[in-house]
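Working notes for the structure below.
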Amino acid sequence: MNYFKYIKDILLVEVEALIVDGKFPVGLDLSRIGVEPTKDPAHGDLASNAAMVLAKPAKTNPRELGQLLADRLTQCVDIAGADVAGPGFINLRLVPEFWTNQIPAVLKAGTAYGDCDLGSNEAVNVEYVSANPTGPMHIGHARGAVIGDALASLLNKAGYNVTREYYINDAGAQVDVLARSTHLRYREALGEDIGAIPDGLYPGDYLKQAGQELAQRDGDKWRDAAEEEWLAALRVFAIDAMMALIRDDLAALGVKHDVFTSERTLVGTGANDEVVEELQSRDLVYMGVLDPPKGKLPEDWEERPQLLFRSANFGDDVDRPLKKAEGDWTYFASDIGYHRDKYRRGFASMIDVWGADHKGYVKRMQSAVNAITEDKGSLDVRLCNLVNLLEDGKPAKMSKRAGSFVTLRDVVDEVGKAAVRFMMLTRSSDASLDFDLKKVTEQSKDNPVFYVQYAHARICSVIRNTADAFPDLLLDDSSLSSADVAQLQDPGELAMIKELASWPQIVESAALAHEPHRVAFYLSDLAASFHAFWNRGNADESLRFIVPGDSTTTVARVALARAVAVVIASGLAVMGVEPVEEMR
RNA sequence: GCGCCCGUAGCUCAGCUGGAUAGAGCAGCGGACUUCUAAUCCGCAGGUCGCAGGUUCGAGUCCUGCCGGGCGCGCCA
């Protein structure tokens with residue numbers, strides 16, 4: 001349960017009651033009323049701006065209006081006190097039982113705690129990775145993969161019906177280059193000395209295996225054939241080989257997709273023709289000549305009539321080409337066809353995760369989506385900034401086997417998928433990220449992966465020790481959920497519970513903002529609070545979880561600790577990271 | 001030149017879509033270990049939220065204009 005929403009509903013009921021009583025005028029705009037956590041505990045547990053927002057339309061002052069509301073709210077069972085403070089905030093304190101009751105709620109829900117129905121099962125398509133099938137994934141791709149995957153999990157948790165999709169860019173000139181590069185490796189596999197890889201072809205060693213497999217499958221069938229004879233066949237072969245490579249990389253990272261859509265297949269079935277025809281019928285397509293970019297005239301500029309889409313009608317800066325001067329489809333045209341395909345498959349809500357270098361395409365793509373869905377669909381694009389791969393503060397050395405970049409596989413082998421996934425979410429997606437191979441495996445608080453995992457492991461340790469100290473106690477979640485939590489009245493204990501109980505609110509706000517990194521921040525904060533909570537027991541033994549000879553108190557405190565572990569596990573699940581139970 | 005993003009503590013960044021006295025980590029200084037895991041914690045210090053206006057009960061957050069940085073800018077993907 002999102003307790004902010006719960007309390008807000010109570011507050012709205014009271015506002016309505018005051019309207020019925022004639023204390024407030026009819027027709028007030030209640031939409032701006034909010035209930036939020038307080039920053040300063042002295043202000044209570046929750047605060048509402050209701051009085052300040054309503055004062056003007058109600059033609060009274062906030063404090064007077066607030067007092068009317070506060071008087072009524074004080075009567076509610078969950079509310080221990082309500083008072084008006086500052087410019088007109090209504091500060092609320094909830095009864096301790098409200099908080100302590102959150103513990104069994106967490107324990108009963110398990111990692112499903114925080115699930116909500118924000119999305120009302122609305123279908124959402126999240127497209128991510130979509131790396132070109134020309135080689136293995138590198139560390140930059142991993143960021144998009146993790147962000148997309150975590151966002152999908154987050155939306156799923158928030159009640160959306162999520163489809164995870166990968167768009168295979170297998171139709172452009174780059175896959176012809178791939179086919180030629182593969183042909184070279186194929187000849188090499190047949191014993192030919194190919195010398196240095198010519199400029200313009202992919203030099204990576206990863207194509208050697210594809211060349212060998214092709215030689216094994218087809219023998220010397222293509223060796224001396226002309227390019228036009230083998231190009232199509234090798235393209236298919238090489239794309240399949242590269243996609244197999246990429247799927248392996250994704251599996252190593254634990255990233256899954258429900259749907260893989262091939263650009264080539266889509267174009268082949270006429271998706272581009274269809275969408276252009278449709279746009280044509282709405283007079284949104286024309287043959288025209290674009291102006292040169294202002295202030296930066298390319299040297300080889302010449303006027304070229306092209307098939308253009310009126311994207312400027314839908315929010316873009318200028319119209320954009322659908323076909324190259326030679327008549328081939330542009331990438332943009334295929335993307336319009338693809339997004340229309342998604343829309344027709346039932347996704348009015350689309351999210352694309354792209355590299356930040358594609359930023360210039362966001363507006364035109366959104367314009368296109370506006371056009372093809374007639375404003376009934378929406379596209380949000382999450383841009384992922386660069387990952388700076390470091391090794392103890394210095395730029396990491398390049399991978400030998402992959403050419404000029406560090407492969408994702410190398411990094412996962414080095415530090416593990418949990419570390420990669422967690423680290424990728426420690427910054428907002430549009431900020432660049434330092435990824436230090438040394439630091440992510442350090443066992444110190446500098447390493448957020450460790451820090452959060454350590455909190456979870458400590459809790460597991462406490463439960464193990466409790467079982468030793470009280471062999472007769474049942475310590476499974478179901479048993480713990482009937483612990484006598486009402487005795488947890490210490491301010492530190494209540495503060496710990498309040499932080500736990502804000503998890504559903506984090507899920508909702510992060511899902512609405514499409515920002516999965518907020519989960520990582522929340523978990524770091526939660527872990528910090530738990531470590532501090534734990535250390536109280538070092539200064540004062542009576543505050544430890546395990547109280548010798550007092551099983552009632554022990555069980556209540558262990559129930560609280562276990563609830564922290566459950567919420568950590570719930571958050572880690574969104575991030576795709578397994579919690580650890582022990583880390584000695 | 002145009003568009004988008006960014007500018008918050010010495011450094012790296014949060015800031016829950018407008019709330020009360022702007023937070024955290026690192027770095028610095030000073031403390032807490034015969035431990036339920038000190039792999040942790042506590043304290044101190046550190047700020048003109050780039051600048052100037054505006055919107056309103058209230059602005060780091062929204063609007064406008066500057067300054068500074070990054071990225072992109074017909075057919076590539």
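Proteins come first, then strands; the chains are lettered A, B, ... in the order of their sequence lines, and each starts at number 1.
Across every non-hydrogen atom of Ala418(A) and Val449(A), the tightest pair is O-CG1, 4.4 Å.
Side-chain contact annotation: Arg458(A) with Tyr454(A), donor-acceptor N/O pair under 3.5 Å present.
Summarising the local packing, CZ of Arg32(A) is surrounded by 12 or fewer heavy atoms from other residues, nucleotides or ligands at distances under 6.0 Å.
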Polar atom pairs between nucleotides 7-12 of chain B and protein, under 3.5 Å, N or O only, would you list them?
| from | atom 1 | to | atom 2 | distance (Å) |
| --- | --- | --- | --- | --- |
| rU12(B) | O2' | Arg427(A) | NH2 | 2.7 |

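Under the Watson-Crick or G-U wobble criterion, with both distances below 3.5 Å, rU17(B) is left unpaired in every strand shown. Pair assignment for rC29(B): rG43(B), on the basis of Watson-Crick or G-U wobble contacts that are both within less than 3.5 Å. A 3.5 Å limit on both hydrogen-bonding distances identifies rU12(B) as the Watson-Crick or G-U partner of rA24(B). Both distances falling under 3.5 Å, in either a Watson-Crick or a G-U wobble arrangement, place rG3(B) opposite rC71(B). Across the strands present, rU55(B) finds no partner; the criterion is a Watson-Crick or G-U wobble pair with both atom distances under 3.5 angstrom.
Residues passing the side chain to side chain donor-acceptor pair (under 3.5 Å) test with Lys498(A), sequence neighbours excluded: Asp45(A).
Judged by closest nucleotide on RNA chain B, Ser428(A) is the one of Ser428(A) and Gly360(A) placed further toward the 5' end.
For the segment residues 516-528 of chain A, residues with any heavy atom less than 4.0 angstrom from an atom of RNA chain B are, sorted by number, His517(A), Arg518(A), Phe521(A).
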